[in-house]
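The next block holds one structure in the form of C-alpha cells; read it before the comments.
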Protein chains: 2
Amino acid sequence: MTVPTTGRRERKKAATRQKIADTALRLFLERGYDAVGIRDVAAEADVAVTTLFSHFASKEALVFEQDENFEQRLTQAVTGRGPHEPLIPALRREIQAMVRHCTGDGAAPIYRMIDASRALREYEESMRLRHAESLATALVADPDLPQSETACRTIARFVIDAYALARDAADPDAALDEIFHMIEAAWEVTSPSS
Amino acid sequence: MTVPTTGRRERKKAATRQKIADTALRLFLERGYDAVGIRDVAAEADVAVTTLFSHFASKEALVFEQDENFEQRLTQAVTGRGPHEPLIPALRREIQAMVRHCTGDGAAPIYRMIDASRALREYEESMRLRHAESLATALVADPDLPQSETACRTIARFVIDAYALARDAADPDAALDEIFHMIEAAWEVTSPSS
DNA sequence: TTCCAAAACCATAACCGTTAGTGTTACGGT
DNA sequence: ACCGTAACACTAACGGTTATGGTTTTGGAA
C-alpha cells in the first residue's frame, strides 16, 4: 500500500537530518574535519548527540551523505542496460560520470577535505569495497553473462579500482581510457564457466 | 655508525613487544577480539596501556603483527627478479605464496577471527591499499618497465585484488589461475608511455 | 667507576566517537 | 478524544587512544 509520504512527521525528520548534515559540512569545511567533534556538530545543529547518531551511522557518514546512491547507479548500469549492449562500455560510462562529478568544481573543497583526513580516506575506501561487492553480486546474477563467478567478482573490483585510480590521476579522462582498455582486455580473455 | 644491535636494551624491548603480541593473540582467540579490551591485554601482559601503544599503533595492529613484511616481499618480487624475467609471473608466484600461507592450517583460526570482526576486516583492507601503493611505486620506478604510470598503478591494484579475491574463493588456486590470466591480458595491452 | 642523556616504561586522567538506558513530546491513525 | 509509537532529549557510560609528567633502566662517555 505504498504509504503516501504521510506528512509533517516525515518532513520534520528529513529537515532535522538535513540540518545536521548541513551544519556538519559547514563546520568541517570551516575548521577542518578532525578539529570538529561530534558534540560540536550536535550543539550547533541544536540536537542531542543520540539524535545525530540516529540519522547517521558514524561521523564519517556525515560527509558522504549524498554519495550513497553510487551503489544503485552501478548495479543499474548492469541490470538496466540494453538487451545486447556490451557490459564494459556501460560500466565505463557510469564510472566516468562519477569521476567527473567528484572532480568538478562544486565538489572540490569536499574532496580536498577528504584527502586531508586519514579517517575519511579509509572510510571512502571501505565504501568502495561495499560497492564492488554489490556490483559483483549484480554481475554474477546477470544471465547474459556466462562468465565464471570469479571472473565477475574480479571485474567488479577492477571497475572500482578504475574509479579510485582515475580520481587521483592528473588527467582523469586519459587515465580512465587507459584503465578501461586494460579492463576490456581482461574481460575478453574470460571464458564461460559451465 | 650503524649501531651493531646494541644489546640488552633492544633485546628487552623486543621481548616486551613479543610478550604483548603473544598475550593479545591468546586472549583474542580465547574470548574473541571484540570481547577483549586494550586494558585487558595490557594488564595480562603486565605493561602499561601507554607502553602497549608505544609498540603498536592500534588494537588491530596487534593482530597483524607479523604480516607487515608482505609489503617488502611484493616490492622485492619486482626489484629482485631476473634481468629479463617477465613481471606478471613473478608477482603471481609471490601472491600465491601469500595466499597459501593464509589459507594454511596454522593461520586458519586467526583468519577466522579476522573475518568475524568488522574492524579487523577493514583494517586488513586498508593495509592492502598501502601494499598496492608501495607496489605501484616499485613498478613505476622500474626502468625495465616502459609502461605508463597509470598502467603500473593499475596493475598494482589488480594484483592486490587477486590476493583478496583468491583468499575468499572456494578454490584459491583455481581462482588465482583465472585472475592472473586476466591480469596478464590487461598488462599485455598496455603500451610504452613515451 | 661514576655519571649523564636518552630510552623505555609507568600511572593517571582525559578526549572523543559511540551506545545503552530511560524518559518526554508530538504526530498520525482510530 | 485517545492511544501507540516515532522522533527526540538527557545522562552516563564504554572502549580506543593520547597527553602529561614522573620513574627506572641502559649504554656510553668522563
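All chains are named by letter (A, B, ...) in the order of the sequence lines, taking the proteins before the strands, and each is independently numbered beginning at 1. Computed from a predicted structure; not experimentally measured.
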Task: Length of the line joining B:L52:CG and C:dA11:P, which is rounded to integer Å - done: 13 Å
TODO: Pick base, sugar-phosphate or nothing for A:V36, based on heavy-atom distances below 4.0 Å to the nucleic acid.
DONE: sugar-phosphate
Task: Interatomic distance, B:R11 CZ vs D:dT25 C1' [rounded to whole Å] - done: 14 Å
Task: Side-chain donor or acceptor of B:R121 paired with backbone N/O of B:D115 under 3.5 Å - done: yes
- [ ] Return the nearest nucleotide to the side chain of A:T50; candidates are D:dT5, D:dC8, C:dA20.
- [x] C:dA20
Task: Backbone N/O of B:Y33 and side chain of B:K59: donor-acceptor pair under 3.5 Å - done: yes
TODO: Round to a whole Å and report the spacing from CZ of A:R8 to C1' of C:dG28.
DONE: 10 Å
- [ ] Report the nucleotide, chosen from C:dC10, C:dT19, D:dT25, that has the shortest atom-to-atom distance to any side-chain atom of B:K12.
- [x] D:dT25
- [ ] Tell me which nucleotide among D:dT17, C:dT18, D:dG27 gets nearest to the side chain of B:S58.
- [x] D:dT17
Open item on the list: From the set D:dT25, D:dC8, C:dT18, return the single nucleotide nearest to any side-chain atom of A:H55.
Closed with: D:dC8
Task: Spacing of B:T190 atom OG1 and B:E188 atom CD [to the nearest 0.5 Å] - done: 8.5 Å
TODO: Using whole Å, report how far CG of B:D34 lies from P of C:dT18.
DONE: 15 Å
- [ ] Tell me which nucleotide among C:dA8, D:dA9, D:dG16 gets nearest to the side chain of B:K13.
- [x] C:dA8
TODO: Name all pairs fulfilling the salt bridge (Lys or Arg N to Asp or Glu O under 4.0 Å) condition that reach into residues 27-41 of chain B, sequence neighbours left out, sorted by first residue then second.
DONE: B:R26-B:E30
- [ ] Would you tell me if any nitrogen or oxygen in the side chain of B:T51 comes within less than 4.0 Å of OP1 or OP2 on C:dA8?
- [x] no
Task: Whole-Å distance separating the CD atom of A:E122 from the C1' atom of C:dG17 - done: 15 Å
Open item on the list: Let's see if you can work this out: which of C:dT18, C:dG28, D:dT18 has an atom nearest to the side-chain heavy atoms of A:K59?
Closed with: C:dT18
- [ ] Take atom CG of A:D40 and atom P of C:dC16, then tell me their distance rounded to the nearest Å.
- [x] 8 Å
- [ ] For B:R17 and for B:V49, locate the closest nucleotide of DNA chain C by heavy-atom distance; then report the residue assigned to the nucleotide nearer the 5' terminus.
- [x] B:R17
Open item on the list: Quick check against the 3.5 Å criterion: does B:S126 have a side-chain atom that pairs as donor or acceptor with the backbone of B:Y123?
Closed with: yes
- [ ] May I have the distance from B:F53 (atom CZ) to D:dG16 (atom P), rounded to whole angstrom?
- [x] 7 Å
Open item on the list: Both A:R39 and A:D46 contact DNA chain D. Which one's nearest nucleotide lies toward the 5' end?
Closed with: A:D46
TODO: Using a 4.0 Å heavy-atom cut-off across all strands, classify A:R9 as base, sugar-phosphate, or nothing.
DONE: base
Task: Gap between atoms CZ and P, on A:F56 and C:dG17 respectively (whole Å) - done: 15 Å
Open item on the list: Any base atoms under 4.0 Å from A:V47, or only sugar-phosphate, or nothing? Heavy atoms, all strands.
Closed with: sugar-phosphate
